[in-house]
Amino acid sequence: MKGFGGIIINIAFRGLVPFTIVYGIYVLCMGESSPGGGFQAGALLAVGILISRMVLGNGENGFNIKGNTSVIMAGVGTFIYAFTGWMTVLNGGKFLEYDCMPIHMEPVHEMHAMAIFIIEIGVAMCVMMTIINLMEAITKRGDEDEDAGTE
């Protein structure tokens with residue numbers, strides 16, 4: 001995909017994307033105690049990456065994540081989420097019983113917050129990479145349609 005935009009779009013991009021990514025990280029970190037969480041953070045982080053792809057293109061920019069990498073990273077996010085639940089089972093508790101986490105912290109609510117944060121990281125990673133993969137599939141399809149029309 002070729003990037004588009006002039007000086008105004010480029011200036012707006014350079015101002016908007018850092019705030020979008022920082023806000024996505026904020027929503028991720030504050031998700032267990034306020035509205036938000038992994039899904040919303042993953043969507044915000046994906047929007048920041050997709051805006052940079054649309055403005056700069058698929059060239060060598062810092063936010064270029066290819067299709068195979070995004071599928072693998074979505075699987076890693078799902079694994080993080082599932083493994084957090086199964087760690088409690090392997091440690092002698094029920095599924096997602098955070099008191100049985102192998103991470104021992106003195107106040108029990110700190111273990112709960114840490115486990116929920118780990119789960120939200122997995123969810124955010126899965127959502128972000130899935131959105132990026134969907135966008136890449138759509139743009140590839142559009143590129144194939146353009147190539148077919150020129151023949």
Side-chain angles (χ1 to χ4, degrees), residues 1-89 94-103 105 107-146:
M1 179 169 77
K2 185 178 179 231
F4 65 89
I7 190 165
I8 294 174
I9 292 177
N10 218 354
I11 290 171
F13 153 75
R14 293 184 191 282
L16 183 65
V17 168
F19 287 114
T20 305
I21 291 175
V22 168
Y23 186 63
I25 292 170
Y26 169 77
V27 168
L28 176 65
C29 292
M30 300 303 291
E32 77 271 355
S33 61
S34 65
F39 187 87
Q40 292 87 346
L44 283 167
L45 293 170
V47 164
I49 291 172
L50 292 177
I51 288 173
S52 70
R53 271 184 151 182
M54 285 190 285
V55 173
L56 299 176
N58 277 345
E60 295 300 320
N61 58 40
F63 296 118
N64 199 4
I65 299 172
K66 299 289 183 190
N68 292 338
T69 306
S70 65
V71 171
I72 292 169
M73 293 301 288
V76 168
T78 305
F79 175 77
I80 290 171
Y81 173 71
F83 186 69
T84 304
W86 285 105
M87 273 195 312
T88 60
V89 173
K94 296 178 183 174
F95 188 70
L96 294 177
E97 183 180 359
Y98 301 130
D99 297 337
C100 297
M101 290 287 290
I103 305 166
M105 296 179 177
V108 177
H109 68 277
E110 292 293 328
M111 278 195 317
H112 287 259
M114 180 60 73
I116 290 171
F117 183 64
I118 293 170
I119 286 174
E120 287 181 357
I121 288 172
V123 171
M125 185 183 296
C126 182
V127 169
M128 178 176 77
M129 294 301 161
T130 301
I131 291 171
I132 290 170
N133 197 23
L134 287 172
M135 185 65 175
E136 185 162 316
I138 291 169
T139 57
K140 274 187 182 177
R141 180 69 182 246
D143 292 341
E144 289 173 3
D145 290 342
E146 286 178 10

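What you see is a predicted model; the values in this text were computed from it and never measured. Residue indices begin at 1 and follow the sequence shown.
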Novice: A side-chain contact here means heavy atoms from C-beta on lying under 4.5 Å apart; do Ile25 and Leu45 qualify?
Specialist: yes

Novice: Between Thr88 (side chain only) and Lys94 (backbone N and O only), is there a donor and an acceptor less than 3.5 Å apart?
Specialist: yes

Novice: What's the shortest heavy-atom distance between Val127 and Gly42, and which atoms?
Specialist: CG1-C, 4.0 Å

Novice: For Phe79, what residues pass the ring pair (Phe, Tyr, Trp, His ring centres under 6.0 Å) criterion, not counting sequence neighbours?
Specialist: Phe83

Novice: Can you tell me which residue pairs pass the ring-ring contact (aromatic ring centres under 6.0 Å, His included) test with a partner in residues 111-135, sequence neighbours excluded?
Specialist: Tyr98-His112

Novice: How far apart are the closest heavy atoms of Ala41 and Ala124, and which atoms are they?
Specialist: CB-CB, 4.4 Å

Novice: Measuring from Ile131:CD1 to Leu44:CG, what's the distance to the nearest 0.5 Å?
Specialist: 9.0 Å

Novice: How many angstroms lie between atom CG of Leu50 and atom OG1 of Thr20, to the nearest 0.5 angstrom?
Specialist: 11.0 Å

Novice: Nearest 0.5 Å, what's the CD-OH distance between Glu120 and Tyr81?
Specialist: 10.5 Å

Novice: Can you tell me how far OH of Tyr26 sits from CD of Gln40, rounded to the nearest 0.5 angstrom?
Specialist: 13.0 Å

Novice: Of all residues at least two apart in sequence or in a different chain, which pass the side chain to side chain contact (heavy atoms under 4.5 Å, CB included) check with Ser70?
Specialist: Ile65, Met129, Ile132, Asn133

Novice: To the nearest 0.5 Å, what is the distance between CD1 (Ile21) and CG (Leu16)?
Specialist: 9.5 Å

Novice: Report the distance from atom CD1 of Ile118 to atom CD1 of Ile80, rounding to the nearest 0.5 Å.
Specialist: 9.0 Å

Novice: Heavy atoms, side chains only, cut-off 4.5 Å: are Arg53 and Glu136 in contact?
Specialist: yes

Novice: Can you give me the closest heavy-atom contact between Thr130 and Ala74, atom names plus distance?
Specialist: OG1-CB, 4.0 Å

